[in-house]
Structures are given as structure tokens and as C-alpha cells.
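Worksheet: the structure to be examined is printed underneath.
If you're wondering where the values come from, they're calculated on a predicted model, not measured in any experiment. Position 1 is the first residue of the sequence, and the numbers go up from there.
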Amino acid sequence: MDFTLDAYKRFLVNVKAQGYVFQPFQEFLQNPALKAMILRHDIDKSPSNALKMASLEHACEVKGSYYFRVVPGSWDRAIVKQIVKMGHELGYHYEDLTLAKGNHEKAIQNFKLRLAQFEEFYHVKTICMHGSPLSRYDNRDMWYFYDYRDFGIIGEPYFDVDYNKVFYITDTARKWNNAAASIRDRVVSGFDIPIKSTAHLAELAGQGGLPDQVMITVHPQRWEDRPLPWIKELLWQNIKNVVKKVLAKQNTHKKMDSNKGAK
């Protein structure tokens, strides 16, 4: 079984043994370690799983960044409070352009309102877009019209990281760096390191096979030790991957047609 908390723990232990500094994203931006591991968590749903992962990291004496959507099924004040108490960074997993159906003025007003909800627990300094794979809108597009720095934000992973220097790994689509089933969780990278499984990732980490600076994105809802929830997530993700692969191909064809029209 892959994508279990036990497998994730083995990865953390191996990374720690190699002398990496675990830095929340805010800390990395402000003072990047020469050998840094950034644990980014996108809380799309199942905040209870996020709490389990945060507790595991806390027990391993490492810190990460937790990006919460402010929608039912993701936002849980009691859990958010517990995760912050453990010393993890809290950030906003924003999707305001999608929720506003492309209306930029409404989106930025909603962004301000939702960002303010975090102030009860944490003064947010970094944000990260939610991919909203079934939406026609890319939530990052709102920053063509506005500047998140005007709200005290110092970084967004898709804009403020040089991925020619930082190796990016994501479990989107329940596989590591599965571009075929990823609509928006992609970066232009100078690295080409295939990862077959979490066990393989842990092995690479233990053998010193990872670059000195790494950002790993995990979605806690798919990390389970309980058999039934693990199987449920596997089946549901396989269904979603079929849809996402079709959408990814459509987006590729649209870009190709657009490029042809521009010539």
C-alpha cells in the first residue's frame, strides 16, 4: 500500500537523516537553508487527515505549511487552531476566482474576507492557489489585476520559487509528478527525477538522491493507514484521473490551436 502515513514517516526520517532543514514556506522565502525541505500541504478536504499528518510531523520534530480552503469540508476552526499550536505555518488555499465565476472584482473582495478569517489563528504571509480542476478559471489569473503583496503576502509557490533550483514533487492525482492527470499543479523545472512510489521517494532521500532544496506537495486526504478509507480514496481518485486526463488533453489542444492562430 502506498500513500500511508507509515510510508510518509519513513520519508521524513530518511530526509532528516540526510541533514535537511525542514522549513515552512514563509521561512524558506525569508531565509532559505542551503539544504532545505519544504513540506507543503494542500487541504482540499478531510481536515481530520491534515491533523493526523501535522501530529506525525510534530512527533518527528519537523514543521510544514498547511494551506486551507475556506469552504465546508476543508475549513475546521478547531483543527486549524491545533495545527498552528504545533508550530506549523498556516496559509490560504485560495479559489476566489472560481467561486466568483471569473468576476475579478468580486474575487478580490472575497479573497480579503476569507484571508481575514485566518487572523484569529495566524498572520498569514503565504498563499497557494487551489487548482479547481473542473473549473474553466485559473485562480492565479486574479493576480494579473491585483497584487497579493498589497495584502501583506510575501509569497505564492507558483510565482515565487525558482524551480530550476528547487526540485518540486507533488502527489496530485495520487501519483508522484503525474503530469498527464494534472490540470494546473505543474511547474517548469530543471530537474528530471522519476519517482515510482513513496517507498522509492524515501529510498532516494535516504541515499542522498534528492537535490539540496526540495518542495513536496501532499494532499492529506489521500494519506491513510485505515484500509477502507484508503480503498475509497484510491477508487475515487482513479475516477477523477480519467476526467482530468481528458481535460488536460483538451487544454493542450487549445494551447496548440492558440499558438497556430498567433502565427
Let me confirm one number: the [atom1]-[atom2] distance from [X] to [Y], rounded to the nearest 0.5 Å.
X	Y	atom1	atom2	answer
Thr198	Met1	OG1	CE	11.5 Å
Trp176	Ser197	CH2	OG	9.5 Å
Glu105	Gln109	CD	CD	8.5 Å

Any side-chain heavy atom of [X] sitting closer than 4.5 Å to one from [Y]?
X	Y	result
Gln82	Lys85	no
Leu201	Leu210	yes
Met53	Tyr8	yes
Asp141	Leu97	yes
Ile216	Leu39	yes
Met86	Leu51	yes
Trp223	Asp171	yes
Asp212	Leu34	no

ask   = Can a donor-acceptor pair be found between the side chains of Asn139 and Ser132 at a distance below 3.5 Å?
value =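 Yes - a donor-acceptor pair under 3.5 Å links their side chains.
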Would you tell me whether Asp185 and Tyr168 have side-chain atoms, one donor and one acceptor, within less than 3.5 Å of each other?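 There is such a pair between these side chains.
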#### Entry: Trp143 and Tyr158 aromatic centres sub-6.0 Å
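Centroid separation for Trp143 and Tyr158: 6.0 Å or greater.
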Checklist entry - Is the distance between the ring centroids of Phe191 and Tyr163 less than 6.0 Å? => result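 No; Tyr163 has its ring centre 6.0 Å or more from that of Phe191.
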When clusters are formed by joining ILVMFWY residues with side-chain heavy atoms under 4.5 Å apart, either directly or through shared neighbours, do [X] and [Y] land in the same one?
X	Y	answer
Leu99	Phe151	no
Ile127	Val71	no
Ile108	Phe159	yes
Ile43	Tyr67	yes
Ile153	Phe145	yes

### Task
Check Glu57, Glu89, His93 against Tyr66 for a side chain to side chain donor-acceptor pair (under 3.5 Å) and give me the one that passes.
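Of the listed options, the one satisfying the test is Glu57.
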Closest contact, heavy atoms only, [X] versus [Y]:
X	Y	result
Ile38	Pro24	CG2-C, 4.5 Å
Pro47	Phe68	CB-CE2, 4.1 Å
Lys63	Gly87	CD-O, 3.3 Å
Ile193	Gly209	CD1-O, 4.4 Å
Lys101	Tyr137	O-OH, 3.0 Å

### Task
Kindly assign one of parallel, tilted or perpendicular to the pair Tyr92 and Phe118, based on the angle between their ring planes and the thresholds 30° and 60°.
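Plane angle between 30° and 60°, so tilted.
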What is the ring orientation for Phe28 with Phe25, classed by angle as parallel under 30°, tilted 30 to 60°, or perpendicular over 60°?
->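 The arrangement is parallel - the two ring planes meet at less than 30°.
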Would you sort out whether Tyr148 and Asp160 count as a side-chain hydrogen bond (donor to acceptor under 3.5 Å, both in side chains), showing the intermediate values? CA-CA 12 Å; Tyr148 47 76; Asp160 298 297; 2.6 Å; yes
| message | A cation-pi test, strictly: NZ or CZ of Lys81 under 6.0 Å from the centre of the six-membered ring of Phe121 and no more than 45 degrees from its axis. Yes or no? | response |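 Here Lys81 fails the 6.0 Å and 45° test against Phe121.
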field: Residues Asp44 and Arg69 bridged, charged N to O under 4.0 Å
entry: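 So Asp44 does not pair with Arg69 through a salt bridge.
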- Item | Partner of Asp42 by side-chain contact (heavy atoms from CB on, under 4.5 Å), out of Thr217, Thr172, Val218 |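 That would be Thr217; it is the only one of Thr217, Thr172, Val218 passing the side-chain contact (heavy atoms from CB on, under 4.5 Å) with Asp42.
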Is His41 reaching over with its side chain to a backbone N or O of Ser65, donor-acceptor style, under 3.5 angstrom?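 A pair under 3.5 Å: yes.
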Task: Where at least one partner belongs to residues 2-12, residue pairs that pass salt bridge (Lys or Arg N to Asp or Glu O under 4.0 Å), sequence neighbours excluded - done: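 Sorted pair list: Asp6-Arg10.
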